[in-house]
Amino acid sequence: MVNYRKQSKTEKAKFKKALKKLAANLFGYTQSSDGEWTIKGFIDIYKNIYTISADTKIVSKLLEIHLFPKILAFAQNNDYIIQLTDHQNWYPDLTFIKKK
């Protein structure tokens, strides 16, 4: 007989460990070795560059766009699919669902 409760706890622990490892590695993707952000601003079609403000909406959207490929790769490498929220202001923004 399969103990699904034990199996679920083990799977959650594996996911938590893998997610912590991903989070630790994201700093290297978003920052240079001296702590500078890898994204410096926006560029328009005329090649004007606009620096990023400290506005949390801008910073969070940039991080979301910049990090999403890494999060998607994490999900694929760990046998998960990602379910995105249906509306912009609903939380969580994404959910990891184990493939069965």
Side-chain angles (χ1 to χ4, degrees):
M1 179 177 221
V2 176
N3 184 338
Y4 290 107
R5 177 173 263 168
K6 184 176 181 180
Q7 189 177 20
S8 176
K9 284 184 178 183
T10 302
E11 187 60 43
K12 286 179 185 179
K14 281 176 52 180
F15 176 77
K16 185 177 179 179
K17 183 178 179 180
L19 191 59
K20 282 184 175 185
K21 183 177 178 182
L22 169 69
N25 290 328
L26 291 179
F27 285 108
Y29 189 65
T30 60
Q31 298 177 17
S32 66
S33 60
D34 61 352
E36 291 286 324
W37 285 88
T38 56
I39 296 177
K40 293 295 187 180
F42 302 98
I43 187 167
D44 65 19
I45 62 170
Y46 307 108
K47 299 185 181 168
N48 296 312
I49 298 174
Y50 305 93
T51 58
I52 299 171
S53 73
D55 184 318
T56 57
K57 289 180 183 179
I58 293 171
V59 173
S60 65
K61 181 50 80 176
L62 283 172
L63 286 173
E64 180 183 326
I65 292 167
H66 193 53
L67 297 177
F68 191 74
K70 297 292 185 186
I71 294 168
L72 184 58
F74 167 82
Q76 292 170 343
N77 292 338
N78 289 279
D79 208 27
Y80 283 86
I81 58 171
I82 293 178
Q83 180 178 342
L84 300 174
T85 187
D86 292 334
H87 300 282
Q88 181 179 355
N89 60 346
W90 286 14
Y91 297 96
D93 290 336
L94 60 90
T95 303
F96 291 98
I97 301 171
K98 185 70 174 171
K99 293 180 185 177
K100 300 211 181 211

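These numbers come from a predicted model, not from an experiment.
- Placement of Ile81 and Leu67 in two distinct hydrophobic clusters is found when ILVMFWY residues are connected by side-chain heavy-atom separations under 4.5 Å, directly or transitively.
- The side chain to side chain donor-acceptor pair (under 3.5 Å) analysis of residues 20-33, with sequence neighbours excluded, yields the pairs Ser32-Asp34.
- Here the CG-CD1 distance, from Asp79 to Ile97, works out to 12.5 Å after rounding to the nearest 0.5 Å.
- Note that the NZ atom of Lys12 and the NZ atom of Lys98 stand 14.0 Å from one another [nearest 0.5 Å].
- Taking a 6.0 Å sphere around NZ of Lys14, one finds it holds 12 or fewer heavy atoms contributed by other residues, nucleotides or ligands.
- Counted within 6.0 Å of NZ on Lys70, heavy atoms from surrounding residues, nucleotides or ligands total 12 or fewer; the atom is thus considered open.
- To the nearest 0.5 Å, atoms CG (Leu94) and CG (Leu72) are separated by 10.0 Å.
- When side chains are defined from C-beta on, Asn78 does not count as touching Phe96, because their heavy atoms never get closer than 4.5 Å.
- Atom OG1 of residue Thr85 and atom CG of residue Asp93 lie 7.0 Å apart, to the nearest 0.5 angstrom.
- Looking at every heavy atom in both residues, Glu11 comes nearest to Tyr80 through OE2-OH, 3.2 Å.
- You'll find the side chain of Trp37 stays beyond 4.5 Å of the side chain of Leu62, heavy atoms only.
- Closest approach of Ile82 to Ala75, counting heavy atoms only: CG1-CB, 3.7 Å.
- Among pairs with a residue in residues 49-60, those fulfilling side chain to side chain donor-acceptor pair (under 3.5 Å) read Asp44-Tyr50, at least two apart in sequence or across chains.
- Hydrophobic clustering, with ILVMFWY side chains joined whenever heavy atoms are under 4.5 angstrom apart, groups Ile71 together with Leu84.
- Rounding to the nearest 0.5 angstrom, the gap separating the NZ atom in Lys61 from the CD1 atom in Ile52 is 14.0 Å.
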